[in-house]
Amino acid sequence: MGIRQKMFGYFVFFCAIVLIVMGLFQVVFLDDIYLYTAKNETADLANAVYLASKLDEKSFKARVLALADESSSCISVYRISGGVGREVAGAHCQPACLLHSSMLNESLIDELYAKSKSEEMHTRVLTDDRSDPESLIVAMRQNSEGAETFVIVNTPLASVDAALSTLQYQYVIVAAILLVIAGIMAYIIASRFTRPVRAMNKEAKKLALGNYDVDFKSDEFLETAELGLTLNYAAEELSKLDTVQKELISNISHDLRTPLTMISGYSEVMRDIPDERTAENMQIVIDETKRLSSLVSDMLDLSRLAGGKRELKLTEFSLTECIRQTISRYSHLCEKDGYNITFRSDEEVYVTADEILILQVIYNLISNAINYTGNDKLIMVDQTVEGTSVRISVSDTGMGIEEDKLPYIWDRYYRTGDYHKRGISGTGLGLSIVKNALVLHSAPFGVSSTPGAGSTFWFELPTTKK
Ligand code: ADP
């Protein structure tokens, strides 16, 4: 069910409640409410008459007449002293009054007198055969200055039936008007509420078709504005993901194709031309195979790390020794190609970390430094201890990285340029692996670089022993 229909339903429900409450008060309880109000008004009138009895006789009579006239009631006031009652004032404003009718006999007055105990009121609703409207009689007795004042007020009750049919007619009209208003309101409100949702739905359909040029902006309501921002962000991220995915596929296919072409090319040449079966050509095939395997293992490492599938296997080990061993792996490269890797450390430092991952971090950073260092082929690895933390930095003297590219170098498959000039060729995944491994350790890391002068990559780990 749509918002519009739902809202209409709620409005109709609301109207129904209003109509029921109105109906109860105006139609069902009308009699009771009318009687209640009439009783209160008549009791007030009796009180006013009693208060007027304190005036001088002339004013009292005039006041009684005025009060009776105002309220269209009949009033009788008796003063009783020495057991004898005498009517001291009265007004007869109602033809249908029971008080002054011939039907009313002394016994009714006596009964009213008996029932209205001193300082209390006695209320009674009476019907005279002659009169259709019922009569309301309020009798009240008050003692003052040795004499007793007995007030009887008779108010005719109007017939509720006439009012009831008017109200019923009104009620139908009000119900119809309310329903029409509810319908219009439901339509207007629902249309306003659903407008941003409908607009967003239109944009979402575009997004589903792979069109990332969408705008979920909506300023109408706070909630939809927030939703719009979130969806815009999601669309932006999806678009990035899509680009990364496309780049990833083209990068992977490119990276895999090159060594595979080399391997098959050289192998065919060596199969067909016996003179070409040289150690150098064999080495090329071996190198390319290694490159392929390192590419595949990098991809696997990264997918495990980034997918959160890799759990840390923490052990305590010597970080200093780990660095030394990694550098020694490059000794043949140093001898052969003249690289100079220096390692400066004042002390043996132990850390509690995942040794395999930290080894990978150091290896990737040194590989990059070798790959990108300047013609002096210098690579500096420094270990500095500050308090309870050790900082490892790997510096080179290469062309450095421009500042605007710095934030992206940690992204997978990001390369600032295709300038792998040395034997160790990159996969574009090295720094991404470094980042994921260090994030998993919650270890701070970073890079500072001066274009043309070199870069320094660093990370920190808490030390466990000195
Ligand atoms: P690659 O396999 O291309 O080296 P990385 O993820 O290791 O991939 O590095 C990403 C990019 O960051 C590199 O392509 C390079 O442009 C830049 N980079 C990494 N290390 C250095 C460095 N020491 N000096 C200059 N640029 C670097």
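Atoms within each ligand, like the ligands themselves, are counted from 1 in listed order. If you read the sequence from its start, that first residue is 1, and numbering goes on from there.
- Of all atoms in ligand 1, listed by their number and element, those nearer than 4.0 Å to a heavy atom of G430 are 5 (P), 6 (O), 7 (O).
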Show which side-chain atoms of residues 164-186 pair as donor or acceptor with protein atoms under 3.5 Å away, not counting sequence neighbours.
from, atom 1, to, atom 2, distance (Å)
S165, OG, A162, O, 3.0
T166, OG1, A162, O, 2.9
Y171, OH, L19, O, 2.5

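- Taking only non-hydrogen atoms, the option from N364, N371, N368 nearest to atom 7 (O) of ligand 1 is N368.
- With respect to K313 and D354, no salt bridge is recorded, no charged nitrogen being found less than 4.0 Å from a carboxylate O.
- Within the 4.0 Å heavy-atom criterion, the part of I401 lying near ligand 1 is the side chain and not the backbone.
- Residue pairs meeting the side-chain hydrogen bond (donor to acceptor under 3.5 Å, both in side chains) criterion with at least one partner in residues 262-271, sequence neighbours excluded, are absent.
- Under the 30°/60° scheme for interplanar angles, the aromatic rings of W410 and F457 are found to stand perpendicular.
- Within the 4.5 Å cutoff, the side chain of L207 has heavy atoms near those of the Y212 side chain.
- Look at W410 and you'll find every heavy atom at least 4.0 Å from all atoms of ligand 1.
- Looking at S393 and T456, their side chains never bring a donor and an acceptor atom within 3.5 Å of each other.
- Heavy-atom distances between G398 and ligand 1 stay at or above 4.0 Å for every pair.
- Contact annotation: for D396 versus ligand 1, heavy atoms closer than 4.0 Å belong to the side chain alone.
- Residue contact check: I409 has heavy atoms under 4.0 Å from atoms 10 (C), 12 (O) of ligand 1.
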